[in-house]
There are 2 protein chains.
Amino acid sequence: MAVATASRVLSGSDHPVSARTRAKVLAAAAKLEYSPSALARAMVSPHSGLVGVLVSDIVNPYFAVIARGVDDVATRAGYVTMLSNVDRRTDTEIGRLRAMRDYRAAGVIFAGSGYVDDPRTPDLVKAVSRAREEGIRAVSLADRDLGCPTITVDNRAAAHDITDHLVSLCHRRIAFIEGPPGMTVTQHRRDGFLAAMSTAGLAEGAHCVPGGFDFEAGHAAAVRLMARPPLPDAVLAANDEVAVGALSALRQAGIDVPGEISVAGINDLRVAQHVGLTTVSLPLYEMGSMAARHIVESAQGEDAGDSATTTLSHRLITRETTARRTSTA
Amino acid sequence: MAVATASRVLSGSDHPVSARTRAKVLAAAAKLEYSPSALARAMVSPHSGLVGVLVSDIVNPYFAVIARGVDDVATRAGYVTMLSNVDRRTDTEIGRLRAMRDYRAAGVIFAGSGYVDDPRTPDLVKAVSRAREEGIRAVSLADRDLGCPTITVDNRAAAHDITDHLVSLCHRRIAFIEGPPGMTVTQHRRDGFLAAMSTAGLAEGAHCVPGGFDFEAGHAAAVRLMARPPLPDAVLAANDEVAVGALSALRQAGIDVPGEISVAGINDLRVAQHVGLTTVSLPLYEMGSMAARHIVESAQGEDAGDSATTTLSHRLITRETTARRTSTA
DNA sequence: TTGTAAGCGTTATCAG
DNA sequence: CTGATAACGCTTACAA
């Protein structure tokens, strides 16, 4: 019994093997509890069975949900997921991409948003392009021109839609707590907010304040808002965590939400359901799973070589932190 | 210039290479943007540069924090992290361990707790033992006898300590919302609660109710508690998420926390800080980073072959959801 | 100090 | 249908 024979049955090759031999191989493998080296297998394959995902911080539920989507389809397809935290550092992204490239990953998924005018982005783009030349699929989950397929949502429209909702509730003076400075997603969400306000003839009532992406940023922003009355009719936060932070600060100060002021977020993470936050639901899990599917499905054939953008749809979720404005002006 | 020479300089071998040659190699590598195949390198090494971590669900912040700890030290040490979600299924753990073993991982970390009397555990133990024979380090982050080093906390003591705190606040009738049925950690935390109550002469006042590990479980448990008055003086939840769920249900029902009833959790995740939850802080990040450190540090030498348990310390964190009982009996 | 060659565990190719 | 062998890209004896 030659190694080649064993390989043929164990790897599910379509090379003909007699039933008797096949059985013998299987029996031996079972007894030995043998399983082939994924490393050696990867050496002779176009790619290893590894799929990489680059997140800013896995502790951030936004990325955890994406990573879960990736891992679920990767695992089901017989792949193993590699994970790296890059803390929004483009240099780190380049470094981790290289590490995953060294393992000849089937593909790597860029989950995080980038910065506008980031001086390092061209280098990342170059690194992505080289990786793709080596047969590694790349997928971006945010609007940033990495020269690879993108699966994302329309952040501008998402912010626009929820702003419209707030406006429909008769709110006229609305504060927007922005995301981290310089991030593309920050800009897009702000743009959506501003555009919606403008269209509603409420440009005067639009008020952007600096924020971030975490609870503390939202809390602090709300505190600052309260320090300079009058309070707006509503506050829209760059994401759910920020909204919850703001909500918490407001209520701590004895302000009735949504009685005196409405609060809304974006993302619809678990926390939003828990506090009853009005928000817009983003298909994070689907983004992750779809990206992984793209990789494992194209892993056999040629890379389409495209850099098409797929935009998944979002959905307004109204809950208990927003209400129609009843009061004074 | 032979490949061996290049290997020697690029892999940082201590084999002597002339400065001139070394420079030439470095220059060539830089120009070609060459970086060695981690796959081929792994083929001839005792292990690949991969570190695996098995979590129940990365979306659960408990595991996300652990995974972050793992990845930080893995990355710093030049390794890449593999992640798998096992949804608390022992069979899945066995399967993913196998997958990681196939990649000759330097080590794999079992982040989740197991079940008491789990019929599949012996198979897992066997799988772990085989993996270790192949030189793969294994580390468990929970009290379960996997036959490998364990880095964990004393869940019994943690529950005991926070119960003591509640008792010191003059609460006598305390409800404990349990974790998922059958889990070891559920049992330990319940035991700690019960022991503390007993020691305080309050065995009568101890009341365990079924729960789970998520927000909904806590919410539902609190609703059930409210349906059968009188309300206890305090409720201790199996973890923070459950506590927050209970807190939310209680406050929704117009009950003053901590005025009428105190609420406490275990874990001290981000959410606990945000809602001001009294809880006990567990060194999750340290558990992950320490486990990874164990792996990357012992990866060169022999496996100690031990299965020693390291118990990290926890810390009571008192915040605003607990207060001294003032009222009636 | 440099080069040559063996070997790691697969799969694919080509003979038998 | 089965078997030998090359090749994948690296590191490490061993030779020169």
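Chain letters run A, B, ... following the sequence lines, proteins first, then strands; residues in each count from 1. These numbers come from a predicted model, not from an experiment.
Heavy-atom nearest nucleotides on DNA chain C were determined for B/Thr5 and for B/Ala40, and the one closer to the 5' end corresponds to B/Thr5. Taking the nucleotide of DNA chain D with the nearest heavy atom to each of A/Ala19 and A/Val3, the more 5' of the two is matched to A/Ala19.
Atom pair B/Tyr103:OH and C/dG9:P shows a separation of 17 Å (rounding to whole Å applied). The interatomic distance linking B/Leu10 (CG) with D/dT12 (C1') rounds to 16 Å, in whole Å. Protein atom CG of A/Leu39 is 20 Å distant from nucleotide atom P of C/dG7, rounded to whole Å. Here D/dC1 presents its P atom at 17 Å from CE of A/Met1, a figure rounded to the nearest Å. The nearest whole Å value for the distance from the CD atom in A/Glu134 to the C1' atom in D/dC8 is 15 Å. For the pair A/Arg8 CZ and C/dA12 P, the interatomic distance rounds to 10 Å; values are reported in whole Å. Taking atom NE2 of residue A/His47 and atom P of nucleotide C/dT11, one finds them 13 Å apart after rounding to whole Å. At whole-Å resolution of the value, CE in B/Met43 and P in C/dG9 are 6 Å apart.
Between the side chain of A/Ser48 and the backbone N or O of A/Tyr103, at least one donor-acceptor pair lies under 3.5 Å. No donor-acceptor pair closer than 3.5 Å links the side chain of B/Asn267 to the backbone N or O of B/Leu269. Checked by atom type and distance alone, the side chain of B/Thr150 never pairs as donor or acceptor with a backbone atom of B/Asp143 at under 3.5 Å. In this structure, the side chain of A/Asp71 engages the main chain of B/Asn85 through a donor-acceptor pair within 3.5 Å. In terms of modelled atom types and a separation under 3.5 Å, the side chain of A/Ser289 and the main chain of A/Glu286 share a donor-acceptor contact.
Of the options B/Arg144, B/Arg120, B/Arg98, a salt bridge (Lys or Arg N to Asp or Glu O under 4.0 Å) to B/Glu93 is made by B/Arg144 and by none of the others.
The base of C/dT1 lies outside donor-acceptor range of the side chain of B/His15, with no N or O pair under 3.5 Å. At a cut-off of 3.5 angstrom, the base of C/dG9 holds no donor-acceptor pair with the side chain of B/Arg104.
B/Ile136 has its side chain out of reach of B/His47: every pair of non-hydrogen atoms, C-beta onward, lies at least 4.5 Å apart. Side-chain atoms of A/Phe110 and A/Leu141, non-hydrogen and from C-beta on, never get closer than 4.5 Å to each other. Between B/Arg270 and A/Asp214, every side-chain heavy-atom pair lies at or beyond the 4.5 Å cut-off.
A distance of 9.5 Å separates CG in B/Leu97 from CG in B/Asp102, rounded to the nearest 0.5 Å.
Contact annotation: B/Ser18 side-chain N/O to C/dT2 OP1/OP2 distance is under 4.0 Å. For B/Ser7, no side-chain nitrogen or oxygen approaches OP1 or OP2 of D/dC10 to under 4.0 Å. The shortest distance between the side-chain N/O atoms of A/Tyr34 and the OP1/OP2 oxygens of C/dT10 is below 4.0 Å.
Within 4.0 Å of B/Pro36, counting heavy atoms only, lie sugar-phosphate atoms of the nucleic acid but no base atom. Residue A/Val44 is classed as a base contact, given a heavy-atom separation below 4.0 Å to a base.
In the helix from C/dT1-D/dA16 to C/dG16-D/dC1, the rotation axis of the first five pairs and that of the last five pairs differ in direction by 50°, rounded to 10 degrees.
When distances run from any side-chain atom of B/Ala4 to the nucleotides C/dT4, D/dT11, D/dC8, the shortest one goes to C/dT4.
Remark: nothing in residues 20-28 of chain A comes within less than 4.0 Å of DNA chain C through any heavy atom.
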